[in-house]
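Encoded as structure tokens, the structure appears first; notes follow it.
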Amino acid sequence: MATIYYDHDISLQALEDKTVAVIGYGSQGHAHAQNLRDSGVHTIVGVRRGASFQQAEEDGFAVFDVASAVEQADVVMLLLPDERQPEVYRQEILPHLRPGAALAFAHGFNIHFSQVVPPVGVDVFMVAPKGPGHLVRRVFAAGGGVPALAAVEQDATGQAWPLALAYAKAIGAGRAAVLTTSFQEETETDLFGEQAVLCGGLSALVKAGFDTLTEAGYQPEVAYFECLHELKLIVDLMYEGGLAYMRYSISDTAEWGDFNAGPRLVNDAVKAEMKKILREIQQGVFAKGWILENQSNRPVFNALRRREREQPIEVVGRRLREMMPFIQSPEQRAKQQGVAVHAKA
Ligand SMILES: NC(=O)C1=CN([C@@H]2O[C@H](COP(=O)(O)OP(=O)(O)OC[C@H]3O[C@@H](n4cnc5c(N)ncnc54)[C@H](OP(=O)(O)O)[C@@H]3O)[C@@H](O)[C@H]2O)C=CC1
Ligand SMILES: CC[C@](O)(C(C)=O)C(=O)O
């Protein structure tokens, strides 16, 4: 059984009189920085000059280049894209880390796969929210929290655990659940979840459903609402009350179809493929491929990203969402709530 901490188990004392430098002001960065500040933690931002730098300044933070932020920090939370972290770490972080400072991560990839090797004498911990950064901020601002996994890789000061837990509480995770884990467990389960279920598995399921309906001659708009739009409404029920609450709300006809069709689709062959994906993650095969893809300037990633944006389901979806002004686009939400939208190429 996991050890789970909640707000009432955790003290913020370990962060008192400390400066946290949030490095990167993208999806996770803006959320951590704003939640920490709202929790009374002295927070500065370190990022290169550009859109994020400007946004962090507009959001009222003292913003510095990475090296200057690190020089001032007791806790350095590394929220750059995983693939950029090793180079920035070597050039702009390691030479400026204070002895006894803490180096923190929101995902274990670079520590687990040895792309970042911290010196002895610093604490190394992780607080990995189990949710997208924009929701880490949105849920916190609404009074809730996104659960997080916490781990300590190196405890040089003897204070790494109270610090990690205090950090988790300050970003709102203690309102939901803070689970203790290891860098290895977080890295492998996170990569598996995003590939097999949350992002890869789900996108492929949605697209396959949309294609099946449109190839059979049904209208793309009908297929979009059936296979993508309604998914959010169904998943909201699962989030609130598990599978049982979703099944309580849907018709008995739908529930009967769920029981019968689900296992035919996600059958032993699919589970065998999931196990293969997990093995590739555990053996470092996925990590190696992703590192090499980045070293060669992302030729495959960029081609796939371009192709995916022009899929028929995306084209019809953009048009239909324009007619539903109550669904805020990322840009509208940012304008209304003053939150950052990090543009991706
Ligand atoms: N996205 C998520 O919801 C989740 C992410 N994580 C983890 O959080 C970490 C951050 O990921 P994420 O928030 O997605 O990252 P983003 O891509 O959203 O943000 C990247 C930020 O880093 C800045 N940046 C990029 N390159 C450099 C550089 N060379 N020097 C200085 N700043 C730079 C960007 O600035 P600019 O505007 O100039 O490009 C931007 O502010 C990762 O470890 C990830 O695995 C964990 C859980 C969920
Ligand atoms: C599901 C994707 C994720 O793992 C996340 C939001 O938790 C990520 O790395 O972005």
Side-chain angles (χ1 to χ4, degrees), residues 21-35 45-59 61 63-70 76-93 96 103-113 115-116 124-140 146-151 167-168 171-173 176 179 181 183 186-203 235 281 286-287 290-291 294 298 301 305 330 334 339-345:
V22 171
I23 307 299
Y25 199 75
S27 177
Q28 288 292 323
H30 87 280
H32 288 228
Q34 294 183 25
N35 294 4
V45 172
V47 71
R48 65 182 175 191
R49 294 231 160 233
S52 294
F53 193 103
Q54 199 182 330
Q55 182 69 51
E57 277 194 328
E58 277 171 29
D59 293 344
F61 287 99
V63 192
F64 303 90
D65 61 66
V66 174
S68 313
V70 172
V76 176
M77 172 50 94
L78 201 39
L79 296 177
L80 305 174
D82 295 308
E83 65 281 5
R84 300 268 175 86
Q85 289 180 10
E87 193 186 342
V88 176
Y89 170 76
R90 277 191 297 274
Q91 293 177 359
E92 297 171 66
I93 295 180
H96 305 280
L103 184 62
F105 296 82
H107 178 40
F109 188 99
N110 283 307
I111 292 291
H112 180 59
F113 292 115
Q115 300 301 296
V116 168
V124 180
F125 73 81
M126 174 179 62
V127 174
K130 290 288 93 190
H134 295 90
L135 275 296
V136 171
R137 177 58 188 162
R138 198 191 304 170
V139 176
F140 178 93
V146 166
L149 306 189
Y167 189 100
I171 63 164
L179 275 69
T181 185
F183 274 62
E186 187 279 338
T187 303
E188 292 174 359
T189 53
D190 186 77
L191 293 175
F192 176 78
E194 64 201 19
Q195 292 175 31
V197 184
L198 301 170
C199 307
L202 188 56
S203 307
V235 169
I281 291 167
F286 168 78
W290 179 224
I291 291 164
N294 279 288
R298 298 180 158 197
F301 180 86
R305 185 181 255 182
V339 298
V341 189
H342 179 60
K344 292 199 174 180

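Ligands are counted one by one from 1 in listed order, and the atoms in each one are counted from 1 as well. What you are looking at is a predicted structure, and each value in this text was computed from that prediction instead of being measured.
- With hydrogens and angles disregarded, a donor-acceptor distance shorter than 3.5 Å links the side chain of Glu186 to the backbone of Gly108.
- Applying side-chain contact (heavy atoms from CB on, under 4.5 Å) to Gln85 and the options Ile93, Asn110, Ile111 leaves one that passes, Asn110.
- Here's the thing with Pro129: none of its N/O atoms is less than 3.5 angstrom from an N/O atom of ligand 1.
- Taking both residues in full, the closest heavy atoms of Asp190 and His107 are given as OD2-CE1, 3.4 Å, listed atom of the first, atom of the second, then distance.
- The atoms of ligand 1 that sit less than 4.0 Å from any heavy atom of Leu80 are 9 (C), 10 (C), 22 (O), 23 (C), 24 (N), 31 (C), 32 (N), 33 (C), 42 (C), 43 (O).
- Against a heavy-atom cut-off of under 4.0 Å, Tyr25 is close to the following atoms of ligand 1: 21 (C), 40 (C), 41 (O).
- Heavy-atom contacts of Pro81 reach the following atoms of ligand 1: 17 (O), 20 (C), 22 (O), 25 (C) (cutoff under 4.0 Å).
- Evaluation of the ring-ring contact (aromatic ring centres under 6.0 Å, His included) rule for Phe61 yields Tyr25 as partners, not counting sequence neighbours.
- Near Val47, with a cut-off below 4.0 Å to any heavy atom, the atoms of ligand 1 are 23 (C), 32 (N), 35 (O), 41 (O).
- To the nearest 0.5 Å, the span separating CE on Met77 from CE on Met126 amounts to 9.5 Å.
- Only the side chain of Gln85 comes within 4.0 Å of ligand 1, judged by heavy-atom distances.
- Of the listed options Ala148, Ser52, Gly46, Ser52 places a heavy atom closest to atom 37 (O) of ligand 1.
- Distances between N or O atoms of Ser27 and those of ligand 1 include at least one value under 3.5 Å.
- Expressed to the nearest 0.5 Å, how far CG of Leu80 lies from CZ of Arg48 amounts to 8.5 Å.
- Between the CD atom in Glu92 and the OG atom in Ser68 there is a gap of 9.5 Å [rounded to 0.5 Å].
- Taking 4.5 Å as the limit, some side-chain heavy atom of Tyr167 sits within range of a side-chain heavy atom of His32.
- Contact record, Ala176 with Pro147: CB-N, 3.6 Å, taken as the closest heavy-atom pair.
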Pair Asp65-Arg49, salt bridge (charged side-chain N to carboxylate O under 4.0 Å, His left out): steps then yes or no: CA-CA 7 Å; Asp65 61 66; Arg49 294 231 160 233; over 6 Å; no
Ligand-protein N/O pairs under 3.5 Å (ligand 2):
unit_1, atom_1, unit_2, atom_2, d
ligand 2, 4 (O), Asp190, OD1, 3.1
ligand 2, 4 (O), Asp190, OD2, 3.4
ligand 2, 4 (O), Glu194, OE1, 2.6
ligand 2, 9 (O), Glu194, OE1, 3.1

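- For ligand 1, the polar-atom distance check against His107 finds no nitrogen or oxygen pair separated by under 3.5 Å.
- Counting heavy atoms closer than 4.0 Å to ligand 1, residue Arg84 contributes side-chain atoms (C-beta onward) but none from N, CA, C or O.
- Distances shorter than 4.0 angstrom occur between a heavy atom of Gly133 and an atom of ligand 1.
- Taking the six-membered ring where tryptophan is involved, the planes of Phe109 and Phe286 are perpendicular, since the angle between them exceeds 60° and thus also 30°.
- In terms of polar-atom proximity, Ala51 is not counted as a contact of ligand 1, lacking any N or O under 3.5 Å from an N or O of the ligand.
- Not a single heavy atom of Gly50 sits closer than 4.0 Å to an atom of ligand 1.
- Ring geometry for His30 versus His134: interplanar angle of 30 to 60°, hence tilted.
- Glu57 CD: more than 12 foreign heavy atoms inside a 6.0 Å radius.
- Of all the atoms in ligand 1, the ones that sit under 4.0 Å from a non-hydrogen atom of Gly131 are 3 (O), 48 (C).
- Near Val88, the atoms of ligand 1 lying under 4.0 angstrom from a non-hydrogen atom of the residue are 28 (C), 29 (N).
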